[in-house]
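Take a look at the structure below.
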Amino acid sequence: GENVEQHPSTLSVQEGDSAVIKCTYSDSASNYFPWYKQELGKRPQLIIDIRSNVGEKKDQRIAVTLNKTAKHFSLHITETQPEDSAVYFCAVTNYKLVFGAGTILRVKS
Amino acid sequence: DTAVSQTPKYLVTQMGNDKSIKCEQNLGHDTMYWYKQDSKKFLKIMFSYNNKELIINETVPNRFSPKSPDKAHLNLHINSLELGDSAVYFCASSPSDRGSEAFFGQGTRLTVV
């Protein structure tokens, strides 16, 4: 089955710095790569996604890059703010949505 | 008009009891999921249904039985609850099982004592 590895497990940055979270996957047939943000006590919510026919996608301070050959994709957050502090999950889907283990991001002000 | 709603939000019960969690989505989606989130925050897929039919049944004890009376509902029944079943259970739905955003319910925090 699909295996998704996510790194790092925790990440602390200073407010205003950039944060990068990386994921690798095993199933080359996977075609959709979403990123979810989960605040404490809340449900996971989609923040950005990318499909297999695109290499990069950007939405304001958030961007995702995909390397299908190497089977990895990354989340980039620029100009981090304290409200970016949360757990971030990458996910991969072909016929089921499989999540990485999550990254706890702490933005220090 | 919550998109994906699950009840109850909190559930505290004793070992050995049987309990159910209900989930409903009003988005017209074909696919529904159950995920278990343990204390380490890992989101593990348990079941996936597409148009009321079971598509995925991960390695889950058969004490867990999903039921989908129609494509808008996916309930989870758990028999003979154990301490290790304590977790947050999330229901989710998506338009299809092939590459589309999943919308999550608010979660049910199950505590087995």
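Note that the coordinates shown come from a computational prediction; the quantities given were computed from them, not determined experimentally. Letters A, B, ... mirror the listed sequences (proteins, then strands); counts begin at 1.
- For B/Phe90, the part lying under 4.5 angstrom from a heavy atom of chain A is the side chain only.
- At a 4.5 Å heavy-atom cutoff, the contact between B/Ile45 and chain A is made by side-chain atoms alone.
- Interface summary for chain B: among A/Arg43, A/Gln45, A/Lys96, the most heavy-atom pairs under 4.5 angstrom belong to A/Arg43.
- One hydrophobic cluster, built from ILVMFWY side chains closer than 4.5 Å, cannot hold both A/Tyr32 and A/Leu75; they sit in different ones.
- Ranked by non-hydrogen atom pairs under 4.5 Å with chain B, the options A/Ala101, A/Pro44, A/Pro34 are led by A/Pro44.
- With a 4.5 Å cut-off on side-chain heavy atoms, A/Phe99 and B/Gln37 do not count as touching.
- With a 4.5 angstrom heavy-atom cutoff, B/Tyr35 touches chain A only via side-chain atoms.
- In terms of heavy-atom pairs under 4.5 angstrom with chain A, the leader among B/Glu58, B/Lys40, B/Glu101 is B/Glu101.
- In the displayed structure, B/Leu83 atom CG is contacted under 6.0 Å by more than 12 heavy atoms of other residues, nucleotides or ligands.
- Heavy atoms of other residues, nucleotides or ligands lying less than 6.0 angstrom from NZ of B/Lys52 number 12 at most.
- A/Ile48 is connected to A/Ile21 through a chain of hydrophobic side-chain contacts under 4.5 Å among Ile, Leu, Val, Met, Phe, Trp and Tyr, so both are in one cluster.
- Cluster annotation: A/Tyr25 is connected to A/Val64 through the hydrophobic network of ILVMFWY side chains, with a link wherever side-chain heavy atoms come within less than 4.5 Å.
- For a residue to count as touching a neighbouring chain, one of its non-hydrogen atoms must lie under 4.5 Å from one of that chain's; by this rule B/Val4 touches chain A with the backbone only.
- Cluster membership for B/Tyr49 and B/Phe103, using ILVMFWY side-chain heavy atoms within less than 4.5 angstrom, is not shared.
- If you measure heavy-atom distances from A/Phe33 to chain B, you find no contacts under 4.5 Å at all.
- Put simply, A/Trp35 and A/Leu97 are part of two different groups of oily side chains (I, L, V, M, F, W, Y) that touch within less than 4.5 Å, one to the next.
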